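Notes follow the structure.
Atoms considered below: every heavy atom in the structure, side chains included; atoms not considered: hydrogens, waters and symmetry mates. Source: prediction; values computed, not measured.
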Amino acid sequence: AVNTICRGAGGLVGSNTDCLGAVRALSDVTPLQNKHVVIIGAGGAARAVAFGLVDAGARVTIVNRTPEKGEQLARDLNADFIGLHDLKHIDGDILVNTTAVGMTPDTDRMPVAEHLLREDLIVMDVIYNPLKTLLLRTAERRGCRTISGLSMFVYQGAAQFERWTGTEAPLETMEAAVRQALEAQARADVP
């Protein structure tokens, strides 16, 4: 899934910065080498995140409601697969939601049952609107460490900025601007 196009020596070159953004957001919290990461979803974001995690030395399990799509992604990455309906426990170190479940306007849902969220689990949601999804709020309440999709969003945007401009991205400024815009939108959405 290409989200960044730059001019290269031979023409246009496409790349994906979601991979870099997710890995950097997770690496801020924990080393990834030899960690077991359970990824919910099998779309473009899941593929980018999973590829980055495998490349960083993590073991990945794909969990998806559509077996064919999830099994294919797992095969492509030499990862494990579990059907969403067969998920009885999460034996990984990290859970990453790459689905749209819980995103505005459907903020009252989460992709896994609450009882699956163990206290020692690190939970990341790639959703950044709302800033704190029901999954993240529930995970915090259960004692999990959480990572908002805002981190991945800012880091992937910074990677795009640096590729396009050749200069270091102003991370703090970018995060403040995104946070301010999302908070303003949330206030405007309240009736």
Exercise. Quick check: does any side chain N or O of S151 sit under 3.5 Å from a backbone N or O of A25, one acting as donor and the other as acceptor?
Worked result: no

Exercise. How long is the span from the CG atom in L117 to the CE atom in M110, to the nearest 0.5 Å?
Worked result: 5.0 Å

Exercise. Applying the 4.5 Å side-chain criterion to the ILVMFWY set and letting contacts propagate, would L20 and V154 be lumped into a single cluster?
Worked result: no

Exercise. Can you tell me if T104 uses its side chain to pair, donor with acceptor, with the backbone of N129 under 3.5 Å?
Worked result: yes

For this session: Examine distances only and state if a side-chain atom of T133 and a backbone atom of L136 form a donor-acceptor pair shorter than 3.5 Å.
Result: yes

For this session: Might you confirm whether atom CG of N78 has over 12 heavy atoms from other residues, nucleotides or ligands at distances under 6.0 Å?
Result: no

For this session: To the nearest 0.5 Å, tell me how far N64 CG sits from T99 OG1.
Result: 9.0 Å

For this session: Report yes or no: do E114 and T138 form a side-chain donor-acceptor pair below 3.5 Å?
Result: no

Exercise. Do Q156 side-chain atoms and T17 backbone N/O form a donor-acceptor pair below 3.5 Å?
Worked result: no

Exercise. Is there a donor-acceptor contact under 3.5 Å from the side chain of R24 to the main chain of M152?
Worked result: no

Problem set entry | Cluster check L73, V96: I/L/V/M/F/W/Y, side chain < 4.5 angstrom | yes

Exercise. Any link between L134 and V112 through a network of hydrophobic side chains (Ile, Leu, Val, Met, Phe, Trp, Tyr) touching at under 4.5 Å?
Worked result: yes

Seminar exercise, completed: Here the gap from I39 atom CD1 to N97 atom CG, rounded to the nearest 0.5 Å, amounts to 10.5 Å

For this session: Verify the cluster assignment for V29 and V126: are they in a single hydrophobic cluster under the rule of side-chain heavy atoms below 4.5 Å apart?
Result: yes

Exercise. Can you check whether I5's main-chain N or O pairs, donor with acceptor, with W164's side chain at less than 3.5 Å?
Worked result: yes

For this session: Write out all pairs satisfying salt bridge (Lys or Arg N to Asp or Glu O under 4.0 Å) with one or both partners inside residues 163-179, taking only residues at least two apart or from two chains.
Result: E175-R179

Problem set entry | R145 side chain to I122 backbone, donor-acceptor under 3.5 Å | no

Exercise. Cut-off 3.5 Å, side chains only: do S148 and K132 have a donor facing an acceptor?
Worked result: no

Problem set entry | Short side-chain to backbone donor-acceptor contact, T165 and F161, under 3.5 Å | yes

For this session: For F81, look at atom CZ and say whether over 12 heavy atoms of other residues, nucleotides or ligands are found less than 6.0 Å away.
Result: yes

For this session: Using atom types as modelled and distance alone, determine if a side-chain donor or acceptor of E71 lies under 3.5 Å from a backbone N or O of G83.
Result: no

Problem set entry | Side-chain donor/acceptor of T98 to backbone N/O of I40, under 3.5 Å | yes

For this session: Can you sort out the partners of Y128 under ring pair (Phe, Tyr, Trp, His ring centres under 6.0 Å), two or more places apart, ordered by chain and number?
Result: F153

Exercise. Hey, is NZ on K35 packed in by over 12 heavy atoms from elsewhere, all under 6.0 Å?
Worked result: yes

Exercise. Between D18 and R47, does a salt bridge (charged side-chain N to carboxylate O under 4.0 Å, His left out) hold up when you go through it step by step?
Worked result: CA-CA 9 Å; D18 286 342; R47 180 173 291 276; over 6 Å; no

Exercise. How long is the span from the CG atom in D91 to the OG1 atom in T61, to the nearest 0.5 Å?
Worked result: 6.5 Å

Exercise. Should V54 and L32 be counted in the same cluster of Ile, Leu, Val, Met, Phe, Trp and Tyr side chains packed under 4.5 Å apart?
Worked result: yes

